[in-house]
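Accompanying notes for the structure given below.
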Amino acid sequence: MKKVVKFGGSSLASAQQFKKVGDIIRSDESRKFVVPSAPGKRFDSDTKVTDMLYQCYAVAQEGKKFDDLLKKIKERYDEIISGLGLSLSLEEEFKVIKEQFKAKAGSDYAASRGEYLNGIIMANYLGYEFIDSATVIFFKEDGSFDADKTNQVLGKRLENVERAVVPGFYGAYENGVVKTFSRGGSDVTGSIVAKAVQADLYENWTDVSGFLVADPRIIDKPEVIQTITYKELRELSYMGATVLHEDAIFPVRKEGIPINIKNTNAPEDPGTMIVESTCKLPKYTITGIAGKKGFVSVNIEKDMMNSEIGFGRRVLQSFEDHGISFEHVPSGIDTMTVFVHQEEFEGKEQQVLAEIHRLTQPDSIDIEPNLGLIAVVGRGMKSNRGTAARIFAALAHVNVNVKMIDQGSSELNIIIGVDNRDFETAIKAIYDIFVTVQL
Ligand code: ASP
């Protein structure tokens with residue numbers, strides 16, 4: 001049994017947190033490959049080391065003195081080292097970093113030092129081998145991740161390694177210049193390492209006991225999802241549920257390696273298992289609810305639209321020509337509605353409308369702003385009758401007007417459009433009907 005374990009910033013923010021992580025790793029000998037993030041926040045108003053590095057580098061880039069800022073970063077690490085009782089010094093490392101900052105090595109290099117240094121400490125603390133990610137994780141010239149080369153080099157490098165620490169978040173271009181993934185990218189590194197070593201499980205340790213059925217800012221203490229499929233996760237993440245970096249799914253999904261989201265502060269909690277497929281039905285017909293506000297619907301009407309070939313394509317082309325991606329396109333016989341992000345649309349509104357007019361000569365176009373979209377996601381819906389009926393009865397009961405309904409052919413989700421003002425009420429009503437009263 002081989003596990004890759006990734007620990008997020010809050011799990012490694014202090015010596016005390018490091019000790020919890022050490023206990024977790026030592027309690028299971030299959031936890032062989034460790035991917036650490038940079039130290040995160042120790043308390044709410046604290047600053048993540050990654051952010052401190054970005055700030056420090058911005059000052060260095062302006063040619064100003066950055067010694068004090070760098071010293072503060074070093075203090076974060078020294079506090080961890082002394083708290084763990086290690087005889088390790090990062091003096092030399094910080095000298096190199098200072099020189100590199102002066103030489104304007106780039107903000108990616110700067111940010112990557114958060115994980116790099118934490119990896120050195122972690123390897124020292126555990127007695128594991130340290131592998132610099134810049135030597136095993138690669139990016140192509142165009143900045144995209146080079147999955148093939150990475151898998152080959154990393155796989156080979158780890159082939160005969162019993163236990164290792166591979167810092168998260170960064171890799172390098174072919175020429176050795178460091179590049180990071182987008183923020184939260186250590187999740188992606190964990191997934192890449194899991195693939196390269198053909199792990200049985202990728203454990204992603206964070207500060208929550210898994211994915212929640214709904215947003216805790218809307219629902220008081222929502223239930224944890226026990227098992228979720230990759231497809232469901234994608235739907236929920238797309239609609240705003242965040243725990244895991246979106247790109248972390250792809251490397252392991254193809255390999256059939258499950259991800260287990262676990263809580264460093266409550267290691268006994270089972271967390272959430274993310275799997276390719278499962279015969280386990282979710283506890284409550286639905287797996288989760290997520291949503292986003294800030295959409296606009298553009299409703300286009302034209303008599304006999306149904307028989308006009310290419311009408312839909314011309315409408316969508318008007319959006320494409322202005323670089324606007326569409327979210328949903330519900331349609332009627334002589335109507336077609338396009339849902340887009342309000343922020344994206346606002347600045348280009350009149351140009352898009354003019355183009356729709358020019359390309360399709362509609363009878364009317366009507367715009368409705370300030371809409372929220374809610375996704376009710378669940379593999380259990382396919383085998384359960386009456387799911388939609390329950391959702392809409394619940395919404396009617398709390399007086400929420402439904403503006404749009406979209407159920408994909410996969411029967412994995414139902415998307416509901418409501419006024420922004422009804423957004424929270426609608427989510428609460430749906431949560432209650434499925435989870436609280438457990439119909
Ligand atoms: N430290 C990086 C960040 O704050 C990457 C990570 O934690 O995954 O975004």
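Order of appearance sets the numbers: ligands from 1, and atoms from 1 within every ligand. Remember, predicted model here, so these are calculated numbers, not experimental data.
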Keeping to residues at least two apart or across chains, list the salt bridge (Lys or Arg N to Asp or Glu O under 4.0 Å) pairs with something in residues 259-269.
none
Pick from Asp432, Thr436, Ile430: which one makes a side-chain contact (heavy atoms from CB on, under 4.5 Å) with Phe434?
Ile430
Distance only, no hydrogens: is a donor on one side chain within 3.5 Å (strictly under) of an acceptor on the other, for Gln342 and Asn370?
yes
Just to be sure I understand the cut-off, which residues have at least one non-hydrogen atom under 4.0 angstrom from an atom of ligand 1?
Ser37, Lys48, Thr50, Glu115, Phe169, Arg183, Gly184, Gly185, Ser186
Do the ring centers of Phe169 and Phe181 come within less than 6.0 Å of each other?
no
Lys98 atom NZ: more than 12 heavy-atom contacts under 6.0 Å
no
Flag this pair as yes if the NZ/CZ of Arg113 is under 6.0 angstrom from the six-membered ring centre of Phe94 and inside a 45 degree cone about the axis; otherwise no.
no
